[in-house]
Amino acid sequence: MAVIADRCPEIQVAVVDINQARIDAWNDADLSRLPVYEPGLDVVVGRVRGRNLHFSTSVEEQIALADMVFISVNTPTKSKGLGAGQASDLRWVEACARTVAQAAAGHTIVVEKSTLPVRTAAAIKTILEAAQQQDGQQRTFSVLSNPEFLAEGTAIRDLEEPDRVLIGGDDAAATEALARIYGHWVDAAKILRTNLWSSELSKLAANAFLAQRISSINSIAAFCEASGADVREVARAIGTDSRIGPKFLNAGPGFGGSCFQKDILNLVYLCRHFALPEVADYWESVVTLNTWQQHRIAQLVVQKLFGTVTGKRLAVLGFAFKADTNDTREAPAIRICGDLLEEGAQLAIHDPKVVPAQMARDLKQEAAEAADALNGTGSWALAQSVEEAVAGADAVLILTEWRQYQQLNWQELAARMRRPAWVFDARAVVNPEAVRAAGLTLWRVGDGEG
Ligand code: UGA
């Protein structure tokens with residue numbers, strides 16, 4: 001919405017939420033304190049806030065004024081009831097649709113921005129139409145699907161120069177109204193129009209394909225480690241085939257983020273619903289391999305450290321699910337650290353952007369210095385710097401590819417560690433020669449030489 005406001009100065013954009021604290025945070029005079037850390041977002045918000053971008057809790061009032069309403073609430077995986085663990089929880093989408101149905105005035109175009117299961121638009125339409133009939137008010141609705149393809153960390157660039165914009169819908173006038181907004185800065189040829197269901201499915205399919213690539217390269221990484229090959233060489237070799245392409249072939253600790261797993265499991269659930277068990281199993285294996293990769297990394301840390309990490313101090317560098325974000329949803333660090341805590345390790349966790357309260361929530365354990373190192377109870381503490389994290393550590397684990405971890409002074413860090421000392425580089429960001437020259441033993445994901 002900030003980018004739309006930036007690119008379309010004549011359009012007034014109102015972002016509303018029922019959560020006063022969150023809206024207050026978006027209105028914070030100090031732009032470095034916006035609730036989402038995203039490179040460049042503060043600059044855009046700073047430019048347009050108060051001009052044609054407004055944050056408020058006046059939900060009904062703004063809906064009544066709006067020509068177009070974007071539903072942009074979260075759709076997490078259901079934790080209980082029918083479809084638990086796989087289906088999307090649509091309670092917030094439905095609540096929004098009902099609020100829009102009640103509060104709208106005149107003709108309103110309702111745009112699904114949240115990632116939704118295929119055919120959700122039908123449910124939204126039914127709710128809106130029911131409201132239309134209920135009180136005989138003069139209000140009408142068109143429903144469009146306009147999924148978002150931005151990735152965190154590169155969101156502003158992805159929005160300003162999208163590969164494509166997708167608009168699904170059967171109301172041509174509504175589709176064109178939305179296309180005109182994007183047309184302010186996106187090439188006409190990049191604005192794709194489909195029917196509603198294709199648009200909804202394309203979002204799930206795009207994420208499923210992207211996640212599948214990561215599981216594919218991670219499966220080859222494990223094979224490289226076993227067979228003496230190097231996954232980076234393999235990735236380069238296969239990526240030069242123009243049909244495969246070079247992007248998204250970085251082996252790592254498994255994908256995280258709020259979308260890939262959720263969207264694939266949603267696809268799996270829908271496949272089962274439509275009696276396609278083989279298709280469901282196929283996609284489910286992408287998630288299974290991802291989970292396995294995370295456990296595999298925790299296990300090999302334990303194995304290499306003589307079969308036990310109880311009482312050992314391990315420096316964990318990076319907690320966010322990728323660099324340039326403070327988001328930890330489904331971060332591989334959560335599962336890997338969880339396994340190591342279970343093994344009795346003492347973790348010193350460093351991340352340039354993730355706050356310790358978030359780490360405590362994710363690890364389901366408060367930070368604490370271990371009282372008795374060998375009593376088998378794992379513990380974790382925040383490290384303010386990399387130097388602090390590695391002090392006295394037996395091993396360093398790199399779990400997020402923050403730029404600063406690519407430029408570490410290993411001679412200096414090695415001097416602070418307990419010997420024999422290890423570096424486990426799950427993101428392949430370090431310079432192997434520099435690590436080895438510092439007298440450290442290195443394991444790198446997908447490196448059969450390590
Ligand atoms: C992903 C998609 O890339 C976006 O197109 C989509 O809009 C978004 O989900 C969404 O549905 O909201 P995002 O999760 O922000 O974006 O980040 P990605 O860059 O896709 O990374 C996802 C995970 O895969 C991260 O943990 C990342 O470290 C990992 N990854 C990515 C790899 O392990 N290797 C790679 O080569 C690329």
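Starting from 1, each residue takes its place in the sequence as its number. Numbering of ligands and ligand atoms starts at 1, following listing order.
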Query raised in the report: Just checking, K353 and Y37: is the charged tip under 6.0 Å from the six-membered ring centre and within 45° of the axis?
Result: yes
Query raised in the report: Ion pair present between K80 and D89, side-chain N to carboxylate O less than 4.0 angstrom?
Result: no
Report summary line: The reported gap from CZ in R232 to CD1 in I217 (rounded to nearest 0.5 angstrom) is 9.5 Å
Query raised in the report: Which distance, rounded to the nearest 0.5 Å, do you find between the CZ of F424 and the CD1 of I398?
Result: 11.5 Å
Report task. Output the list of atoms in ligand 1 that are nearer than 4.0 Å to some heavy atom of L249, sorted by atom number. Result -> 36 (O)
**Report entry** No-hydrogen, no-angle side-chain donor-acceptor test under 3.5 Å, Q299 and R296
**Finding:** no
Query - Nearest-neighbour protein heavy atom for atom 5 (O) of ligand 1, which is reported as residue plus atom name and distance - result: F149 O, 2.7 Å
Query raised in the report: Short N/O distance, under 3.5 Å, between P332 and ligand 1?
Result: no
Requested in this report: Keeping the roles fixed (side chain from S142, backbone from D171), state whether a donor-acceptor pair exists under 3.5 Å.
Outcome: no
Query raised in the report: Between N146 (side chain) and I167 (backbone), is there a donor-acceptor pair under 3.5 Å?
Result: no
Report task. Please indicate whether any nitrogen or oxygen in L210 is less than 3.5 Å from any nitrogen or oxygen in ligand 1. Result -> no
Query raised in the report: Please state which protein non-hydrogen atom is closest to atom 1 (C) of ligand 1 and give its distance, to 0.1 Å?
Result: F260 CE2, 3.4 Å
Requested in this report: Give the single entry among K322, E152, R213, E330 that approaches atom 19 (O) of ligand 1 most closely by any heavy atom.
Outcome: K322
Report summary line: A student checking ligand 1 against E148 at a 4.0 Å heavy-atom cut-off should list atoms 7 (O)
Query raised in the report: Is the backbone N or O of F321 less than 3.5 Å from a side-chain atom of T325, with the two atoms forming a donor-acceptor pair by type?
Result: no
Query raised in the report: With only distance considered, is N207 within less than 3.5 Å of ligand 1 through an N or O on each side?
Result: yes
Query - Close-contact set for ligand 1 against F255 heavy atoms, below 4.0 Å - result: 23 (C), 24 (O), 26 (O)
Requested in this report: Answer yes or no: does an N/O atom from G256 fall short of 3.5 Å to an N/O atom of ligand 1?
Outcome: yes
Requested in this report: Report yes or no: does a heavy atom of R427 sit under 4.0 Å from some atom of ligand 1?
Outcome: yes
**Report entry** Protein residue, atom and distance nearest to atom 6 (C) of ligand 1, heavy-atom basis
**Finding:** L150 O, 3.3 Å
Report summary line: Per-atom filter on ligand 1: closer than 4.0 angstrom to a heavy atom of K203 are 6 (C), 7 (O), 10 (C), 11 (O), 12 (O)
Query - Min heavy-atom dist C259 to ligand 1 below 4.0 Å - result: yes
Query - Nearest protein heavy atom with distance in Å, relative to atom 35 (C) of ligand 1 - result: N250 O, 3.6 Å
Query raised in the report: Name the one of F319, Y405, W402 that satisfies ring-ring contact (aromatic ring centres under 6.0 Å, His included) with H350?
Result: Y405
Query raised in the report: Just by modelled atom types, is the A151 backbone N or O under 3.5 Å from a matching donor or acceptor in the D158 side chain?
Result: yes
Query - Proximity of I214 to ligand 1 by residue part, where a heavy atom lies under 4.0 Å - result: side chain
Requested in this report: Give a yes or no on this: more than 12 heavy atoms of other residues, nucleotides or ligands lie within 6.0 Å of atom CG of N19.
Outcome: yes
Report summary line: Restricting to heavy atoms, the pick from A151, A206, G153, A235 nearest atom 16 (O) of ligand 1 would be A151
Query raised in the report: What do you reckon, are the aromatic ring centroids of F209 and W283 less than 6.0 Å apart?
Result: yes
Report task. Answer yes or no: does an N/O atom from F321 fall short of 3.5 Å to an N/O atom of ligand 1? Result -> yes
**Report entry** Min heavy-atom dist T115 to ligand 1 below 4.0 Å
**Finding:** no
